[in-house]
Chemist: 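Please see the structure below; I have some questions.
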Amino acid sequence: MSLTGDAMSHAILPGAAIGFLISGISVTAMTIGGVIAGCIVAILAGVAARHSKAEEDASMAAFYLLSLALGVLIISSKGSNMDLLHVLFGSTLALNNAALILLTLIASITVITLAVLYRPLVMECVDPAFFKTVSKLSGVAHYGFLLFTGA
């Protein structure tokens, strides 16, 4: 699960870079791009793990590295990257009210979703083989978890 969280935090870079290229330093555009990129990487890694002999850790690491490399390629191909790097790795004190409201909204949705899906997520994370035998929602919980970490 630690690798999944780390992979998702780096998988958003291509989406954030594309959002930056489209609309400049807009936290909303970069957030939307990052969420879309994270969800795509999560779904691709889940599908690759379920439909191949590769373990989920290996597929997650592969897609994580590919998306990180794609994000760096996008950033470096468009001239100066100082503004985007300042936004991605800079201080949270530089955020305006709209960005703080967006972050609060995302955090609230995350907490509500965790509260609703807590039991299936715990079952999927602790013992996925048992959960698969007792419920048909194993795949839904698995991909939900991956999407949840991607978003």
Chemist: Same cluster or not: L70 versus I22, using hydrophobic residues (I, L, V, M, F, W, Y) connected whenever any side-chain heavy atoms lie under 4.5 Å apart?
Modeler: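 In one cluster with L70: I22, yes.
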Chemist: Between S67 (side chain) and Y64 (backbone), is there a donor-acceptor pair under 3.5 Å?
Modeler: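 Between the backbone of Y64 and the side chain of S67 there is a qualifying donor-acceptor contact (under 3.5 Å).
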Chemist: Find out if a path of hydrophobic residues (ILVMFWY) with successive side-chain heavy-atom gaps under 4.5 Å connects L114 to L117.
Modeler: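 Yes, same cluster.
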Chemist: For residues F63 and A48, report the shortest heavy-atom separation together with the two atoms involved.
Modeler: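 Smallest interatomic distance, heavy atoms only, reads CE1-CB, 3.8 Å.
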Chemist: Do you know the tightest heavy-atom contact between L102 and T31?
Modeler: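 Closest pair (atom of L102, atom of T31, distance): CD2-OG1, 3.6 Å.
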Chemist: Taking all heavy atoms of G71 and all of A17, pick out the closest pair and write down the distance.
Modeler: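 Result for this residue pair: O-CB, 4.3 Å.
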Chemist: Rounded to the nearest 0.5 Å, what separates atom CD1 in I12 from atom CG in L68?
Modeler: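 Answer for the CD1-CG pair, I12 versus L68, is 11.0 Å.
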Chemist: Quick one: CD1 on I109 to OG1 on T104, what's the gap to the nearest 0.5 Å?
Modeler: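 If we round to the nearest 0.5 Å, I109:CD1 and T104:OG1 are 11.0 Å apart.
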Chemist: Would a single hydrophobic cluster contain both L103 and V111, if residues Ile, Leu, Val, Met, Phe, Trp and Tyr are joined by side-chain heavy-atom contacts under 4.5 Å?
Modeler: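 V111 and L103: separate clusters.
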Chemist: Do you know which two heavy atoms are closest between A29 and S23, and how far apart they sit?
Modeler: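 Nearest pair, atom of A29 first, then S23: CB-OG, 2.9 Å.
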Chemist: Are L44 and V47 connected into the same hydrophobic cluster when the rule is that any two of I, L, V, M, F, W, Y join if their side-chain heavy atoms are below 4.5 Å apart?
Modeler: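 Shared cluster, yes.
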Chemist: Kindly compute the distance separating CG (L105) from CG (L100), expressed to the nearest 0.5 Å.
Modeler: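 Between L105 CG and L100 CG, I get 12.5 Å after rounding to 0.5 Å.
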Chemist: Report whether L121 and V116 are members of the same hydrophobic cluster (ILVMFWY, side-chain heavy atoms less than 4.5 Å apart, transitive linking).
Modeler: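 Yes.
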